[in-house]
Amino acid sequence: MAYNTYKNDRNRGYGSSRGNSGKSQNDTRTTEEKPQPITLTAETYVDTAEEIILKRIARDKPDNEGKRKICLTTSKIRNILSMVTSIYDDVIHTTGDKLNREAVEMIQYLRLRIAYEAGRDKIVRDFVEQSDLIGQVKKIGNDKGAYLLFCKYVEALVAYHRFHGGDDK
């Protein structure tokens, strides 16, 4: 007796409503751009965040006024910020330069949650890939300073998203 597995159904196209393009229907970029690795420093994280929001994030087609709105909604990006800040509240009160085991475990769980959110929505996935959020979490290890810089980077992404027209509409 042969069993029909989810894997086989997926290969046949069952159970998927995403289509074949891999792009948002509103995405106006003409080619799939592979994100460049990002190196964050205290001097560059703000400029990096602004560049990502301005140049790498998918946008809608121009409206009547020629403006192109950011596809990513504020609520989606703030969900990620909320997870980051909940860990920050614990990490900021730890002493020393190294994170304790519990904090490292929470950061690994954050990585998992970011991947989950990216898997649920192609626009969030684009944002996560373009901003290298998962790569940046992997770099943290048990370095408290690296996590604090990551927090500031995510906050800068949210701020520039809002500043450059991101909203919930």
Side-chain angles (χ1 to χ4, degrees), residues 6-7 9-11 13-40 44-63 67-91 103-140 146-169:
Y6 174 75
K7 181 179 176 184
D9 286 347
R10 197 166 136 207
N11 290 338
Y14 301 120
S16 175
S17 60
R18 293 185 181 164
N20 296 327
S21 71
K23 288 175 58 175
S24 166
Q25 291 176 351
N26 295 330
D27 192 345
T28 58
R29 291 176 294 179
T30 56
T31 61
E32 288 296 319
E33 301 166 10
K34 183 166 182 152
Q36 297 297 317
I38 295 172
T39 302
L40 296 177
T44 63
Y45 77 91
V46 174
D47 291 332
T48 301
E50 184 174 27
E51 184 220 335
I52 287 166
I53 296 300
L54 282 174
K55 298 179 181 173
R56 295 190 186 183
I57 300 302
R59 296 185 180 265
D60 287 330
K61 294 178 183 174
D63 62 12
K67 295 180 182 177
R68 294 174 56 211
K69 278 179 66 171
I70 296 171
C71 295
L72 180 68
T73 62
T74 303
S75 60
K76 297 282 185 179
I77 193 171
R78 285 192 61 80
N79 286 341
I80 293 171
L81 178 64
S82 175
M83 291 184 281
V84 169
T85 56
S86 70
I87 298 170
Y88 173 86
D89 292 339
D90 292 334
V91 167
V104 171
E105 288 175 2
M106 289 188 311
I107 291 167
Q108 290 305 305
Y109 183 71
L110 169 67
R111 182 173 135 202
L112 174 144
R113 288 296 312 270
I114 291 171
Y116 175 74
E117 293 295 328
R120 292 181 62 205
D121 187 320
K122 285 192 177 291
I123 293 170
V124 175
R125 180 185 200 109
D126 177 59
F127 170 71
V128 167
E129 289 174 350
Q130 295 298 328
S131 59
D132 191 30
L133 289 182
I134 293 175
Q136 295 303 314
V137 172
K138 287 180 180 179
K139 291 178 186 178
I140 294 168
Y147 185 73
L148 297 177
L149 180 61
F150 174 75
C151 293
K152 291 175 184 177
Y153 173 60
V154 173
E155 190 172 2
L157 287 166
V158 172
Y160 278 108
H161 172 267
R162 187 64 168 174
F163 182 76
H164 290 294
D167 59 21
D168 278 331
K169 295 179 184 173

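- Scored by the side-chain contact (heavy atoms from CB on, under 4.5 Å) test, V158 finds I77, R78, L81 as partners (sequence neighbours excluded).
- When all heavy atoms of R56 and D126 are compared, the closest pair comes out as O-OD2, 3.9 Å.
- Listed for the H161 side chain is no donor-acceptor partner under 3.5 Å among the backbone atoms of E50.
- The two residues L133 and L157 make their nearest non-hydrogen contact at CD2-CD1, 4.0 Å.
- Note that CG of L110 is 4.5 Å distant from CD1 of I87, once rounded to the nearest 0.5 Å.
- In this structure, CD1 in I134 is found 8.0 Å from CZ in R125, a value given to the nearest 0.5 Å.
- Here the closest heavy-atom approach between residue Y147 and residue V84 is recorded as OH-O, 2.7 Å.
- In this structure, the separation between NZ on K76 and CG on D121 is 4.5 Å, given to the nearest 0.5 Å.
- Among residue pairs with one or both ends in residues 104-116, those qualifying as side chain to side chain donor-acceptor pair (under 3.5 Å) are R101-E105, Q108-R111, R113-E117; sequence neighbours excluded.
- Interatomic distance, CD1 of I114 versus CG of N79, reported as 11.5 Å (0.5 Å rounding).
- With contacts defined as side-chain heavy-atom distances shorter than 4.5 Å, the pair F127/I80 qualifies.
- Y45 meets the ring pair (Phe, Tyr, Trp, His ring centres under 6.0 Å) test with no other residue; sequence neighbours excluded.
- Listed by chain and number, the residues in a side-chain contact (heavy atoms from CB on, under 4.5 Å) with Q136 are I38, L40, D132, K139, F150, Y153 (sequence neighbours excluded).
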Begin from the C-alpha positions of F163 and I53 and carry the test side-chain contact (heavy atoms from CB on, under 4.5 Å) through to its verdict.
CA-CA 10 Å; F163 182 76; I53 296 300; over 6 Å; no
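- Atom CD in E51 sits 10.0 Å away from atom CD in Q130 (nearest 0.5 Å).
- Residues A146 and I140 share a closest heavy-atom pair of CB-CA, 4.0 Å.
- Applying the salt bridge (Lys or Arg N to Asp or Glu O under 4.0 Å) test to residues at least two apart or on different chains, none of the pairs has a partner in residues 80-90.
- Residues that satisfy the side chain to side chain donor-acceptor pair (under 3.5 Å) test with T85, not counting sequence neighbours, are absent from this structure.
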